[in-house]
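The analysis underlying the following values was restricted to heavy atoms, covering all of them including side chains, and did not include hydrogens, waters or symmetry mates.
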Amino acid sequence: MYTTDKVYIGKLDRPPWSLFIAVTEQGLAFVGSDNGPKSEVESWAARKRPESTLVDDQDRIAPYVSQLEEYLDGERKAFEMPLDLSGTPFQQQVWTALTEIPYGRTAAYSEVAGKIGRPRAVRAVGAAIGANPVMVAVPCHRVIGKNGKMTGYRGGLAMKQKLLELEQG
């Protein structure tokens, strides 16, 4: 359980992208959906870090914003930032597998389930992907349906499509 640490929050605002993010002393902890409300990061913090104090601090989040901006500008294909992900061991395993999907590629939920050695856990994998707190940095947008169709995304299908198109160059 986390104690009363600070969670630094701020906004990446680089049209057409607008993302709220949260950072702890350990790393990037949350990325909100494109043009989502500030309340999204506040709601996440209330659920996952209830003892923490939220502090608006653009300077503290600047290194993370910089890497995300480079990615959104098409200049970065991989992130080199610490992450502070709170989730179950199964969720952590799924999120690690997501980071192994190469830039510009997609994978089906069943492929992710197979990659973690749980080929029959496709629905559980889907739930873990949906719980990913750091969209973009942990590329859950790269997961699509087995039939090649777009499937759900916390940021909405329009955001998912924009991210996939960005990676296609």
**Prompt:** Checking side-chain contact (heavy atoms from CB on, under 4.5 Å) for the pair Tyr8/Tyr64: CA distance, chi angles, key distance, verdict?
**Reply:** CA-CA 11 Å; Tyr8 304 97; Tyr64 301 91; over 6 Å; no

Say you draw a straight line from [atom1] of [X] to [atom2] of [Y]; how long is it, rounded to the nearest 0.5 Å?
X      : Y      : atom1 : atom2 : value
Ile144 : Arg142 : CD1   : CZ    : 12.5 Å
Ile129 : Leu98  : CD1   : CG    : 5.0 Å
Phe79  : Thr99  : CZ    : OG1   : 11.5 Å
Leu163 : Gln168 : CG    : CD    : 11.5 Å
Ser86  : Gln91  : OG    : CD    : 8.5 Å
Gln67  : Leu28  : CD    : CG    : 9.5 Å

Please check if [X] and [Y] belong to a single hydrophobic cluster, counting links between Ile, Leu, Val, Met, Phe, Trp and Tyr side chain heavy atoms closer than 4.5 Å.
X      : Y     : answer
Leu54  : Val31 : no
Trp44  : Val23 : no
Ile61  : Ile9  : no
Val134 : Val7  : no
Leu19  : Phe30 : no

If you measure from the Lys or Arg side-chain nitrogens to the Asp or Glu carboxylate oxygens, is any gap between [X] and [Y] under 4.0 Å?
X      : Y      : answer
Arg49  : Asp84  : yes
Asp73  : Arg14  : yes
Arg154 : Asp34  : no
Glu42  : Arg47  : no
Lys77  : Glu167 : no

**Request:** Say whether Tyr109 and Thr151, considering side chains only, have a donor N or O and an acceptor N or O under 3.5 Å apart.
**Result:**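 Tyr109 vs Thr151: donor-acceptor pair found between side chains.
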
**Prompt:** Is there a donor-acceptor contact under 3.5 Å linking the side chains of Lys11 and Ser18?
**Reply:**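 The answer is yes; a qualifying pair exists.
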
Do the side chain of [X] and the main chain of [Y] share a donor and acceptor less than 3.5 angstrom apart?
X      : Y      : value
Arg118 : Ala113 : no
Gln93  : Phe90  : no
Asn132 : Val138 : yes
Thr96  : Gln92  : yes

Heavy-atom closest contact ([X] atom, [Y] atom, distance):
X      : Y      : result
Leu157 : Met150 : O-CE, 3.8 Å
Lys146 : Ser110 : CD-OG, 4.1 Å
Ala137 : Pro139 : O-CD, 3.5 Å
Met135 : Ser33  : SD-CA, 3.6 Å
Ala29  : Pro133 : O-CB, 3.5 Å
Gly74  : Leu166 : N-CD1, 4.1 Å

**Request:** Step through the shown structure and confirm whether more than 12 heavy atoms of other residues, nucleotides or ligands are within 6.0 Å of NZ on Lys115.
**Result:**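 Not more than 12 within 6.0 Å, no.
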
**Request:** Decide if atom CZ of Arg76 counts as having more than 12 heavy atoms of other residues, nucleotides or ligands within a radius under 6.0 Å.
**Result:**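 Enclosed: over 12 neighbouring heavy atoms sit under 6.0 Å from CZ of Arg76.
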
A side-chain contact here means heavy atoms from C-beta on lying under 4.5 Å apart; do [X] and [Y] qualify?
X     : Y      : answer
Glu69 : Val65  : yes
Asp5  : Thr24  : no
Pro16 : Lys162 : yes

**Request:** Over 60° means perpendicular and under 30° means parallel, so classify the ring planes of His141 and Tyr153, tilted if in between.
**Result:**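 Geometry flag for His141 against Tyr153: perpendicular rings.
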
**Request:** Run the numbers on Val112 and Val143 for side-chain contact (heavy atoms from CB on, under 4.5 Å), then give the verdict.
**Result:** CA-CA 8 Å; Val112 176; Val143 181; 4.2 Å; yes

**Request:** Check the pair Trp95, Leu85 against side-chain contact (heavy atoms from CB on, under 4.5 Å), reporting the backbone distance first and the verdict last.
**Result:** CA-CA 9 Å; Trp95 299 337; Leu85 303 176; 3.9 Å; yes

**Request:** Start with the C-alpha distance between Arg105 and Glu111, add both sets of side-chain angles, then the distance that settles salt bridge (Lys or Arg N to Asp or Glu O under 4.0 Å), and finish with yes or no.
**Result:** CA-CA 12 Å; Arg105 299 275 180 87; Glu111 291 175 80; over 6 Å; no

